[in-house]
Amino acid sequence: MLRNLSSRSGFSWLSWTKPQCFVVLRNHSEVARDQEETPNAQKLIKVAIIGVPNAGKSTFINKIVNHRICPTSSKVHTTRAASRAITVQKGAQMIFFDTPGLVTSREMKKHHLDTSFTSGYRHSIQHSNMIGVIHDVSSHWTRGQLHGTVLETLELYKTLPSFLVLNKIDCLRSKRVLLELVDNLTMNSIEGVLRKGAKVSATEPGRPAGWPNFSRVFMVSSVTGNGLQDVQNFLLSRATHSPWEFSEDVHTDQPSESLIEDAVRARLLDFMPQEIPYSLESQLEYFSSVRGILYASVQVTCPNPRIERLVCGEADGKLKQITERVSSDLVEAFRMPISLTITTTSRKRE
């Protein structure tokens, strides 16, 4: 800019003023103003989404980015590794880290989870600008306070701003209960400031019910999309001027092969009872795109022939259902037709 002004005004004009002062004023005021007013200036915000298993983290992210990127199911521990979902809105790129549910060491042993399961969410938070806590309000037994692992995480990364999302409000009709939950889960405070006229929440020694440093609280239904626009507007207001990390047409950092395997595993969790789906392994055997159609073949390895028969069902009826549901999920993810085949095998033959 200084070069353009010089060519128009002439160096002789600048020599009669104070060039150094001119440059300082330009750098600190006009340049900053131009960046804010430039409509094409890129903005960026990175958000780590955390919460206990089955709180609705993946559904929340899928809905807010308008792509089925993260695997979802009705059972816990569908997400086993951190991944990123990306969307661009109003010139700002928002990157959401989908993290595994926060668990205790006891839960890790029960579901055979390795150490990478817990290290994934820490890595995500360390590379984020903000933490979003997803809290399930549909359960009467657990909605009254934040889980201990969530509070420990917020305390560990208390220098990062955070916000609270009360999810599944479609299952809770009482506004009074929702308002009471907000008071309890925020300890009547926002950003550490006690709400006017409120009293300090009474908590058990060493075990607070909530976190007083949330920047905002949102009430949403990730299934219906109710309340998500408020979350988007809030995040857009917190995005800062920074180059995008991904091109505009990229919606995830995961390869297509992983998306397909995760989609199969998620539907196996829905269709198979109890602990059976956790013992199954899905592996992509073939993947290709021909003339706008995706072709994929996935093999599901079962621990024994009995489990294999349960997966297939009578006349392979259950396996066909699973294949149809996974195909539907993948059409939403890739936004193109897909021809999917799922086969089964067992480690031990009778």
Side-chain angles (χ1 to χ4, degrees), residues 47 49 51 53-89 93-101 132 134 165 167-168 170 220-229 231-232 235 246-272 277 280 282-298 300 318-342:
V47 186
I49 302 298
N54 221 27
K57 300 182 295 298
S58 297
T59 304
F60 170 83
I61 294 175
N62 286 341
K63 201 73 174 184
I64 210 166
V65 303
N66 195 30
H67 267 79
R68 194 181 184 89
I69 299 300
C70 310
T72 62
S73 79
S74 58
K75 287 191 175 67
V76 299
H77 305 315
T78 306
T79 301
R80 297 215 164 198
S83 62
R84 285 179 285 189
I86 304 107
T87 184
V88 174
Q89 298 181 19
Q93 185 167 85
M94 295 188 286
I95 301 176
F96 296 91
F97 289 85
D98 185 28
T99 63
I134 309 297
V165 175
N167 193 24
K168 306 182 185 180
D170 52 306
V220 312
S221 169
S222 296
V223 172
T224 66
N226 186 23
L228 291 181
Q229 187 60 55
V231 182
Q232 291 176 346
L235 294 177
F246 298 89
S247 61
E248 190 169 0
D249 60 342
V250 173
H251 300 288
T252 180
D253 66 338
Q254 298 298 298
S256 300
E257 293 81 355
S258 295
L259 292 178
I260 295 172
E261 291 177 348
D262 288 345
V264 172
R265 183 166 49 80
R267 286 307 173 190
L268 287 170
L269 286 168
D270 278 340
F271 277 84
M272 302 308 299
L280 306 176
S282 302
Q283 184 174 6
L284 186 69
E285 292 191 310
Y286 176 80
F287 176 72
S288 179
S289 176
V290 181
R291 297 178 181 177
I293 300 177
L294 294 179
Y295 294 88
S297 177
V298 178
V300 176
K318 182 172 289 187
L319 187 61
K320 292 176 182 176
Q321 285 183 297
I322 295 172
T323 303
E324 290 175 359
R325 291 296 299 275
V326 175
S327 297
S328 178
D329 293 342
L330 293 176
V331 168
E332 289 186 45
F334 292 104
R335 303 290 174 89
M336 58 190 304
I338 184 166
S339 176
L340 175 68
T341 302
I342 301 178

### Task
Can you measure from CD (Gln232) to CE (Met94) and round to the nearest 0.5 angstrom?
5.5 Å

### Task
Determine yes or no for a side-chain-to-main-chain donor-acceptor pair under 3.5 angstrom, with Asn226 supplying the side chain and Ser221 the backbone.
no

### Task
Determine whether more than 12 heavy atoms belonging to other residues, nucleotides or ligands lie under 6.0 Å from atom CD of Glu332.
yes

### Side-chain touch Leu228/Phe60, heavy atoms, less than 4.5 angstrom
yes

### N/O donor-acceptor pair under 3.5 Å between Asn62 side chain and Cys70 backbone
yes

## Note on the structure
Heavy atoms of Ser58 and Thr72 approach each other most closely as CB-CG2, 3.6 Å

### Message
With a 3.5 Å distance limit and no angle check, can you tell me whether Asp98 reaches the backbone of Ala85 through a side-chain donor-acceptor pair?
### Response
no

### Message
Once salt bridge (Lys or Arg N to Asp or Glu O under 4.0 Å) is applied, do any residues pair with Arg68, and if so which ones, sequence neighbours excluded?
### Response
Asp329

### Heavy-atom side-chain proximity of Thr87 to Asn66 below 4.5 angstrom
no

### Message
Ring-plane angle category for Phe334 and Phe287, please: parallel below 30°, perpendicular beyond 60°, tilted otherwise.
### Response
tilted

### Query
Ignoring hydrogens and geometry, is there a side-chain-to-backbone donor-acceptor pair from Ser328 to Glu324 under 3.5 Å?
no

### Query
When rounded to the nearest 0.5 angstrom, what is the spacing between CZ in Arg265 and CG in Leu280?
11.0 Å

### Query
Hey, does Val65 have a side-chain heavy atom less than 4.5 Å from the side chain of His251?
no

### Query
Is any side-chain heavy atom of Val298 closer than 4.5 Å to a side-chain heavy atom of Ile260?
yes

## Note on the structure
Residue set satisfying salt bridge (Lys or Arg N to Asp or Glu O under 4.0 Å) with Asp170, at least two apart, ordered chain then number -> none

### Task
To the nearest 0.5 Å, tell me how far Ser339 OG sits from Ile293 CD1.
8.0 Å

### Over 12 non-hydrogen atoms of neighbours within 6.0 angstrom of CD in Glu248
no

### Task
Write down the atom of Gln93, the atom of Val88, and the distance for their closest heavy-atom approach.
NE2-CG2, 3.9 Å

### Query
Is the shortest heavy-atom distance from the side chain of Ile342 to the side chain of Val300 under 4.5 Å?
yes

